[in-house]
Amino acid sequence: LTHGSLSQQEDLRQKIQQLTLPILWVTGDKDLIYNGLAKKLSFFHPLSQWISIAHAGHRVPWSQSQVFMSFIHKFLNKL
């Protein structure tokens, strides 16, 4: 857990913002840290987007799997 901790990771916000490929950033509305981070990011690519899924925490695919998969499919179909 120590090695995967956010405080131990490199700050990649600038690099993420500069990516020229589509990004789907998914957060749960109960995950205040990553929702706040996503709100501050601006994505370079016009197809990139951020969604916050209701009634989900940090692990969206586990708590709202059907909603998560629906957004994944929509995102990929646009590409």
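Nothing here was measured: the structure is a model prediction, and the numbers come from that model.
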Quiz item: How long is the gap from NZ on Lys30 to OG on Ser52, to the nearest 0.5 Å?
Solution: 11.5 Å
Self-check item: Co-membership, hydrophobic cluster, residues Trp25 and Leu19, 4.5 Å side-chain
Solution: yes
Quiz item: Judged by atom type as modelled, is there a donor-acceptor pair below 3.5 Å linking the side chain of Ser63 to the main-chain atoms of Ala56?
Solution: no
Quiz prompt | Shared hydrophobic cluster, Leu37 / Val26 (ILVMFWY, side-chain heavy atoms < 4.5 Å) | solution = no
Quiz prompt | Nearest-0.5 Å distance that lies between atom CD in Gln18 and atom CZ in Phe44 | solution = 9.5 Å
Quiz item: If two hydrophobic side chains count as joined below 4.5 Å and joins carry through other members, does Leu76 share a cluster with Val60?
Solution: yes
Quiz item: Do Met69 and Val67 belong to the same hydrophobic cluster, where Ile, Leu, Val, Met, Phe, Trp and Tyr are linked whenever their side-chain heavy atoms lie under 4.5 Å apart, directly or via other members?
Solution: yes
Practice problem: Only counting residues at least two apart or in another chain, list the ones meeting side chain to side chain donor-acceptor pair (under 3.5 Å) with Asp29. | Solution: none
Quiz item: Going through the checks in order, is the side-chain contact (heavy atoms from CB on, under 4.5 Å) test met by Asn35 and Trp50?
Solution: CA-CA 9 Å; Asn35 268 318; Trp50 162 55; 3.1 Å; yes
Exercise. Measure the spacing between NZ of Lys39 and OG1 of Thr27 and express it to the nearest 0.5 Å.
Key: 8.5 Å
Quiz item: Is there a path of hydrophobic side-chain contacts, each under 4.5 Å between heavy atoms of I, L, V, M, F, W or Y residues, that connects Ile33 with Ile51?
Solution: no
Quiz item: Can you tell me how far CG of Leu79 sits from NZ of Lys74, rounded to the nearest 0.5 angstrom?
Solution: 14.5 Å
Self-check item: Stepwise side-chain contact (heavy atoms from CB on, under 4.5 Å) test for Leu41 and Arg13
Solution: CA-CA 7 Å; Leu41 286 175; Arg13 286 178 285 194; 4.0 Å; yes
Exercise. Using the side-chain contact (heavy atoms from CB on, under 4.5 Å) rule, take Phe71 and Ile53 through it: C-alpha gap first, then chi angles, then the decisive distance, then the call.
Key: CA-CA 9 Å; Phe71 278 107; Ile53 295 181; 4.0 Å; yes
Quiz item: When rounded to the nearest 0.5 angstrom, what distance separates CD in Gln49 from CZ in Phe43?
Solution: 9.5 Å
Quiz item: How many angstroms lie between NE2 in His73 and CZ in Phe68, if you round to the nearest 0.5 Å?
Solution: 10.0 Å
Self-check item: Residue pairs passing the salt bridge (charged side-chain N to carboxylate O under 4.0 Å, His left out) test where at least one lies in residues 15-27, sequence neighbours excluded
Solution: Glu10-Lys15
Quiz item: Around atom NE2 of His45, are there more than 12 heavy atoms of other residues, nucleotides or ligands at under 6.0 Å?
Solution: yes
